[in-house]
Structure formats: C-alpha cells, structure tokens
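Beneath this line is the structure, given in structure tokens, with notes to follow.
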4 protein chains.
Amino acid sequence: MEPSRPLRADAVRNRTKILDAAREQITRLGPDVPMDTIAEAAGVAVGTLYRHFPTKTDLVTAVIGEHSELLTEAIEAAAERVAGGAGAMSAISALVRDIVEAAAADRAVKAAAQNVGAEYLTPDQESRSRVAMTRLIEAAQRDGRLRDDVTADDFYLLILTAPTDVEPAVRARWLQLFLAGFTTGKD
Amino acid sequence: MEPSRPLRADAVRNRTKILDAAREQITRLGPDVPMDTIAEAAGVAVGTLYRHFPTKTDLVTAVIGEHSELLTEAIEAAAERVAGGAGAMSAISALVRDIVEAAAADRAVKAAAQNVGAEYLTPDQESRSRVAMTRLIEAAQRDGRLRDDVTADDFYLLILTAPTDVEPAVRARWLQLFLAGFTTGKD
Amino acid sequence: MEPSRPLRADAVRNRTKILDAAREQITRLGPDVPMDTIAEAAGVAVGTLYRHFPTKTDLVTAVIGEHSELLTEAIEAAAERVAGGAGAMSAISALVRDIVEAAAADRAVKAAAQNVGAEYLTPDQESRSRVAMTRLIEAAQRDGRLRDDVTADDFYLLILTAPTDVEPAVRARWLQLFLAGFTTGKD
Amino acid sequence: MEPSRPLRADAVRNRTKILDAAREQITRLGPDVPMDTIAEAAGVAVGTLYRHFPTKTDLVTAVIGEHSELLTEAIEAAAERVAGGAGAMSAISALVRDIVEAAAADRAVKAAAQNVGAEYLTPDQESRSRVAMTRLIEAAQRDGRLRDDVTADDFYLLILTAPTDVEPAVRARWLQLFLAGFTTGKD
DNA sequence: AATGAATGAGTTTTCATTCAT
DNA sequence: CATGAATGAAAACTCATTCAT
C-alpha cells in the first residue's frame with residue numbers, strides 16, 4: 001500500500017511540518033485546536049492542510065497513527081530484548097510503565113483518539129504488536145511469572161485505561177495494583 | 001448558601017425535566033451537545049435552561065452531582081449490608097461491578113465533566129463515601145480477603161479508570177484483572 | 001389627565017421605588033440596563049415593572065419626564081426671582097449653568113432620551129417652561145444684555161447640545177463661548 | 001505594525017464593501033445594528049466581516065477612522081486655501097459648516113463610536129488637524145475677525161457638540177449662535 | 001396586584017471546509 | 001500545488017416581554 005506516486009520533495013516536507021505542528025498543538029491545547037492554529041504553527045496555509053488531510057479527523061488520526069507506530073515499535077523492541085535473554089516479566093513491566101508514561105505526557109493524543117473514534121492501531125500495527133506482545137507473554141508465562149490466562153488484549157486494556165490526568169505517583173500506584181492482578185506473585 | 005426559597009412546583013418540574021434531558025442527551029450525543037438540543041429534549045426553551053443553570057458548566061456540574069450522589073449512596077448501602085452481616089469482599093466486588101457498569105452508561109457525562117472542569121464528588125460526598133468505603137475495606141481485610149495495603153483511594157482509582165467504550169464482557173474482564181490485584185487470593 | 005382612579009397606596013409606593021431604581025440604574029449603567037436589574041434594584045419582580053410601565057421605553061420616558069419636570073421648575077423659579085427684582089442676564093447664566101451641570105451629572109438620562117427618541121418635554125412642561133423662559137429673555141433684552149434675536153428655542157438648543165462627557169472645566173469653557181454668542185457684550 | 005502584505009485584490013474590494021455597508025447601516029439603523037445585517041448589506045458572509053475586523057469594535061473603529069480622516073483632510077484643505085490667499089474667517093465658517101453637516105449625516109456613527117469606546121481621532125490625525133486648525137485660527141486673528149482667546153480646542157468642542165438630530169435650519173441657527181461667540185463682530 | 005418562571009428571537013463570535021487566485 | 005479569503009452553520013448566552021401561579 002505505498003503511495004500511488006512518490007510525493008514531491010517539498011510536499012513531503014510539508015506533510016512532516018504539518019504533522020509536527022499538529023502533534024505539538026494537539027498535545028498542548030487538546031484536540032479542539034482550530035485547523036487555522038495548526039496551519040499557522042506549521043507555517044503553511046489551511047488549504048495545504050486540507051490537501052494533505054481531507055478532514056480534521058484524518059489529521060488527528062494521522063497524529064495518533066504516529067503514536068501507535070511508536071507503541072508498536074516499543075513492544076517489538078522489548079520482545080527483541082527478551083529474545084536476547086532479558087527477563088520477560090521485568091521487560092513487560094518496564095514496557096508497560098514506559099507506554100503509560102508516554103501516554104500521560106501525550107495526554108491530548110489519547111483524548112483525540114477517543115474524540116475521533118479512530119482505531120488505536122492500524123491493522124498492520126495491530127498484527128505486528130500482537131505478535132511481539134504474545135512472544136513476551138509466553139516467555140513470562142514459561143518463567144512462571146505471569147498468570148496463564150493473561151492475553152495480549154489484557155495488556156491493551158491496561159494501556160487503554162491508564163489514568164493520564166493524575167500525578168505520577170498515583171499513576172505508579174495504579175500500575176502496581178493492576179500488574180499485581182497479572183502476576184502469579186511467584187518470585 | 002441559604003436554601004434560597006422553595007422553588008415553585010412547576011419550576012421544580014422543569015428543573016427535573018432539564019436534568020433528565022441533559023443526562024440523556026449528554027450520554028447519547030457526547031459532551032458537546034448544544035444547549036439548544038438539551039432544551040428541546042426537555043421540552044423547554046433555552047432561556048429556561050439558563051434560568052436554572054446560568055452556564056453550561058453549571059448544568060453539567062448538576063448532572064454530575066446527581067450521578068456522584070447515587071454513587072455515594074451505593075457505597076453507603078453496601079457498607080450497611082456488610083454491617084448487617086454480609087460478606088465484605090463479595091459486597092465490594094458487587095459494588096464495584098455495579099458502579100463500573102453505571103459509569104459506562106454515563107461515559108459521556110464523565111467526559112463532559114472533564115471538558116468543563118467540573119469536580120466529580122462534592123466535599124460532602126467525598127467524606128461520606130470515604131467513611132463507608134473505609135468500613136468496607138477494613139471488614140474485608142479482617143476477613144483476610146483484601147490486601148492490607150489497599151485503601152479507599154485505590155478503589156477510587158479503579159472507578160476512575162474503568163473502561164467505558166468497550167463491550168460489557170471486556171469491561172468484566174478488566175474488572176476481574178484489576179480486582180485480582182486487590183485480593184489476597186485466599187478463598 | 002389625572003389617573004382614572006387613585007392608585008392604591010402600595011401601588012404608589014411601588015411606582016416610586018421603581019422610578020427611583022430606574023433613575024439610579026440608568027444613570028449608573030446607561031439605558032441598556034436590563035429590566036431585571038432595575039426590578040431587583042427596586043425590590044420588586046419584573047412583572048410589577050411591566051404593570052406600571054408596559055414597555056421599557058415607557059419606563060425610560062418616565063425617568064426622562066421627571067428630569068424634564070425638574071428642568072421646567074428650575075426655569076420657572078428663575079423667572080420668579082427675576083420678577084422679584086434679580087438681574088435677568090445673570091439669572092439666565094446661572095440657570096443655564098445649573099441645567100447643564102445637572103444634565104452632565106445625569107448623563108445617562110440624556111443618552112436615554114436620544115436612544116428612545118422620546119420628546120424631551122411634555123406639552124404641559126413645554127408651555128410652562130416656554131412662558132417662563134420668554135419672561136426671562138424679555139427681561140434680559142429690556143436690560144440690553146441679551147441679543148434681540150435670541151429666543152427660547154435657542155436656549156433649548158444650548159441645553160440639548162451641552163457636552164456631558166467632558167471635564168467640568170471644558171464644559172465651563174463651552175458654556176462661556178456659547179453664551180458669548182447670546183449676549184450683546186454690553187456691561 | 002508592519003503593513004502585513006498587500007491584500008489580494010478581491011479582499012480589498014470586500015474590505016471596501018464592508019466599510020461602506022457598515023457606515024450606511026450604522027447611520028441608518030443606529031449603533032446597534034447586528035453584524036449580520038452589515039454583512040448582508042455588504043453582500044458577504046459574516047465570517048468575512050470577522051476576517052477583516054475581528055470584533056465589532058474594530059469595525060466601528062475603522063468606520064470612524066475613515067470619517068476622522070476626511071475631517072482632518074478638510075481642515076488641511078481649508079488651511080491650504082487660506083495660505084493661498086482666501087479669507088481666513090470665512091474659510092473657517094465654511095469649514096465648520098461643512099463638518100457639522102457631515103457629522104449630522106453620520107450621527108449614528110458617532111454614537112456607535114461612543115458605545116464602543118473608539119477614539120475619534122488617531123494621534124496622527126490629531127496633530128495634523130491641530131497644525132492646520134492653528135494656522136487657520138492665527139490667520140483669522142491676524143485679520144482681527146476672531147477673538148484672540150479662541151483655540152483649536154474650542155473648535156473641536158464646537159464640532160463635538162453640534163446637534164445632529166435636528167433639522168438643517170435648526171443646526172444652522174445653532175452654528176450661527178455658537179460662532180457668534182467666537183468672532184469679534186468686526187466687519 | 002405581585003411574583004418570578006418561561007419564552008424565543010436575536011447577538012456576537014468561532015471554525016471546519018471550500019474555492020478563486 | 002500553495003495560498004488565504006470566503007462561507008455559513010452553529011454555539012453560548014441575553015433580555016424584553018408574557019403569563020401561570
């Protein structure tokens with residue numbers, strides 16, 4: 001599914017500028033920032049925004065898409081590390097903590113995802129992250145550290161519901177409690 | 001903060017109709033429903049909305065107020081039942097399940113509250129529910145069913161983060177996982 | 001043109017309270033004060049305002065009417081004084097200065113008069129003040145102090161155009177210049 | 001305060017249409033004309049009004065600005081004519097008569113300006129008109145036709161207080177009386 | 001008569017989206 | 001392709017006036 005024809009260099013540059021600006025503005029001001037504001041921040045005219053993203057929803061979805069990609073890559077990286085011998089359960093804990101913290105920092109992105117009703121992951125990202133996550137889970141279960149009934153979906157649920165608008169300490173407590181429900185308590 | 005004076009009968013009726021409509025519309029159409037829409041649903045003119053609730057924030061706050069009152073009363077009722085001899089841990093589980101289901105129905109109300117910066121619990125409700133919750137927790141801990149380090153705040157966190165936009169089965173799974181982190185696993 | 005039947009005592013009291021409040025509010029906040037605000041200041045309900053004054057215009061007109069009455073009485077008093085032997089031209093100067101200062105203090109009343117398009121004087125007031133003004137003018141002309149072509153209308157014009165929103169010193173200068181056009185310069 | 005960049009041709013056209021319509025509508029319907037009405041009269045959508053003038057105050061200020069520019073230019077032109085040998089006092093009379101007539105046509109604009117707190121003359125216009133007016137005054141005083149104590153501020157006062165809501169004949173009389181206070185009576 | 005709740009047209013302003021230049 | 005001006009449908013809120021209690 002590559003673009004029908006390669007975008008011209010300056011068009012690529014514009015697309016990047018727009019996404020950068022959108023990410024920044026949405027994170028700072030929430031998903032209700034006017035398109036004009038994003039356009040100005042990007043240093044282009046609104047018309048250009050609409051050339052790249054036919055509707056605001058498309059733009060917001062694209063911003064979320066970036067986030068999803070990062071998330072997917074983080075999961076894949078954790079799976080790599082475990083394949084390289086690292087402890088599975090602690091890799092999972094660290095991964096989840098990182099993701100939750102990132103979502104908190106980028107809280108507007110989450111709000112945007114809800115507001116727009118966009119799917120959190122693209123099909124491609126969905127399958128890549130599911131593969132990696134499953135590898136992590138199975139490793140931790142082989143180690144006897146993770147409850148046997150826990151699935152990748154359970155972790156997605158955890159990520160989806162992590163509180164973003166609370167103090168870090170509260171978020172840490174939340175994570176501790178939730179993860180306690182995943183582990184066997186062994187070790 | 002005097003009780004003003006008792007509202008006229010028809011005004012009370014309207015106030016109720018407005019709150020009912022607001023809850024319904026916000027739940028159905030999300031936190032951004034126009035005041036006009038709520039007015040129409042309530043069968044009154046916008047002016048009447050504004051007579052009862054000078055700003056949209058006030059209206060949303062009132063809707064939240066009802067909801068959080070119900071929540072507070074549910075916690076108190078559960079505490080009563082336990083005082084009457086019911087099993088503490090199962091009372092807590094049932095309570096939390098009920099609350100989470102109710103919160104899911106009112107998902108948009110929560111969003112509206114956040115959009116509008118309304119506080120969820122009034123100071124009075126806060127203290128009433130804290131007292132009742134603490135009684136429940138202590139009873140369950142005496143029974144050895146609840147981890148000793150769990151506090152009322154932990155339950156608020158659970159309630160606050162319950163996923164709303166998912167199917168009931170998913171929500172049930174989420175609750176099971178989260179509660180697993182609270183319990184000792186005994187029995 | 002007396003009221004068809006004497007108003008009940010409390011109705012009279014209310015009418016007075018309303019006019020007092022209206023004068024005060026209009027003077028302070030301009031003719032755009034909401035009727036509700038006037039009602040509250042008067043300590044009555046809006047409905048009562050509307051019973052006494054069918055439209056807002058009527059109320060504003062009534063407030064102006066009071067002013068006109070005072071104005072008429074001031075002219076009559078000056079004429080009395082001159083009849084009693086006082087200097088006519090200086091009586092006129094003092095009269096005009098007083099009226100202009102009063103209008104400045106009550107600047108909103110003037111604004112109201114313009115906004116509402118109400119006649120400044122009622123027919124009765126018109127004729128009473130015209131008689132008195134004419135007497136003053138003729139006396140000053142007999143003294144050779146006032147230009148022979150000056151009429152009562154000229155003075156009304158002066159009163160109507162006096163600047164209200166400027167500092168007292170500026171207003172005094174304005175009056176001096178304008179009156180210089182009226183006098184013969186003699187004495 | 002850079003000149004931004006030259007507006008596009010059609011934007012300039014619209015700006016003009018909007019200012020024309022605003023002047024016309026405010027003059028005709030008073031200072032409270034809705035923005036929608038002005039937009040319709042201008043043949044544009046409201047949004048276009050707001051693109052050119054972010055608030056109603058800005059629009060009224062711009063209308064005033066045009067008017068006060070014309071006024072300033074009229075004074076400068078009169079000063080030119082006098083420098084070219086024309087009679088100073090009659091130039092002043094004619095100037096004042098013209099200005100007052102123009103102000104009468106724009107009565108509502110003045111009201112709108114006050115409603116909205118807009119300044120009448122910009123600092124630049126203020127100084128330009130003061131220079132020209134002073135030249136006129138000094139010439140008339142050299143001719144012995146104007147009282148020596150009369151200043152530019154006195155003329156502003158005259159212009160400021162000219163009656164607008166009266167018939168032309170009445171206004172002419174008013175002007176005659178007022179100017180009589182300015183002149184020496186010589187010639 | 002008084003009360004004050006209800007009405008609803010109207011006001012300013014915003015912003016996603018379109019389209020002429 | 002980019003620009004940025006124009007569009008126009010909302011949205012929140014106000015207030016003169018009416019009318020049930």
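Below, read A as the first sequence line, B as the second, and so on, with proteins coming before strands; counting in each chain starts at 1.
- Comparing Arg13(B) and Pro34(B) by the nucleotide of DNA chain F whose heavy atom lies nearest to each, the residue mapping closer to the 5' end is Pro34(B).
- For the pair Leu29(C) CG and dT14(F) P, the interatomic distance rounds to 16 Å; values are reported in whole Å.
- Across the strands present, dA20(E) finds its partner in dT3(F); the criterion is a Watson-Crick or G-U wobble pair with both atom distances under 3.5 angstrom.
- The nearest whole Å value for the distance from the NZ atom in Lys17(C) to the C1' atom in dA1(E) is 13 Å.
- Side chain of Arg51(A), nearest nucleotide from dC13(F), dG4(E), dA2(F): dA2(F).
- If you take CZ of Arg15(B) and P of dG4(E), they are 17 Å apart, rounded to a whole angstrom.
- Taking CD1 of Ile18(D) as the reference point, atom CD1 of Ile38(D) lies at 9.5 Å (rounded to 0.5 Å).
- One can place CG of Leu49(A) at 16 Å from P of dC1(F), the figure rounded to the nearest angstrom.
- A distance of 7.0 Å separates OG1 of Thr27(C) from CD of Glu24(C), quoted to the nearest 0.5 Å.
- Each of dA6(E), dA2(E), dT13(E) was ranked by its minimum atom distance to the side chain of Thr55(D); first place goes to dT13(E).
- Look at NZ on Lys56(D): it is 15 Å from P on dT14(E), rounded to the nearest Å.
- In this structure, Phe53(D) atom CZ and dT14(E) atom C1' are separated by 18 Å, rounded to whole Å.
- Taken from CD in Glu40(D) to CD in Gln25(D), the straight-line distance is 8.5 Å, to the nearest 0.5 Å.
- Taken from OG1 in Thr37(D) to CG in Asp32(D), the straight-line distance is 11.0 Å, to the nearest 0.5 Å.
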Please walk me through it: do Phe53(C) and Leu19(C) pass side chain to side chain contact (heavy atoms under 4.5 Å, CB included)? CA-CA 10 Å; Phe53(C) 305 96; Leu19(C) 279 173; 4.0 Å; yes
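- Comparing atom distances between the His52(C) side chain and each of dA5(F), dA2(E), dA2(F) picks out dA2(E) as nearest.
- Both Gly47(D) and Gly47(B) lie near DNA chain E, and the one whose nearest nucleotide falls closer to the 5' end is Gly47(B).
- Each of Thr48(D) and Pro54(B) was assigned the nucleotide of DNA chain F with the nearest heavy atom; the assignment lying further toward the 5' end belongs to Thr48(D).
- Salt bridge Asp20(A)/Lys17(A): absent, no basic N to carboxylate O contact under 4.0 Å.
- Protein atom CG of Leu59(A) is 11 Å distant from nucleotide atom P of dT17(E), rounded to whole Å.
- In this structure, OH of Tyr50(B) is placed 18 Å from P of dA5(E), rounded to the nearest angstrom.
- DNA chain E is contacted by Val44(B), Ala45(B), Val46(B) of residues 35-46 of chain B, taking any non-hydrogen atom closer than 4.0 Å.
- Judged by distance alone, with hydrogens and angles left aside, the side-chain atoms of Thr48(D) form no donor-acceptor pair with the main-chain N or O of Val44(D) at under 3.5 Å.
- Here Asn14(C) reaches the OP1 or OP2 of dA2(E): one of its side-chain N or O atoms lies under 4.0 Å away.
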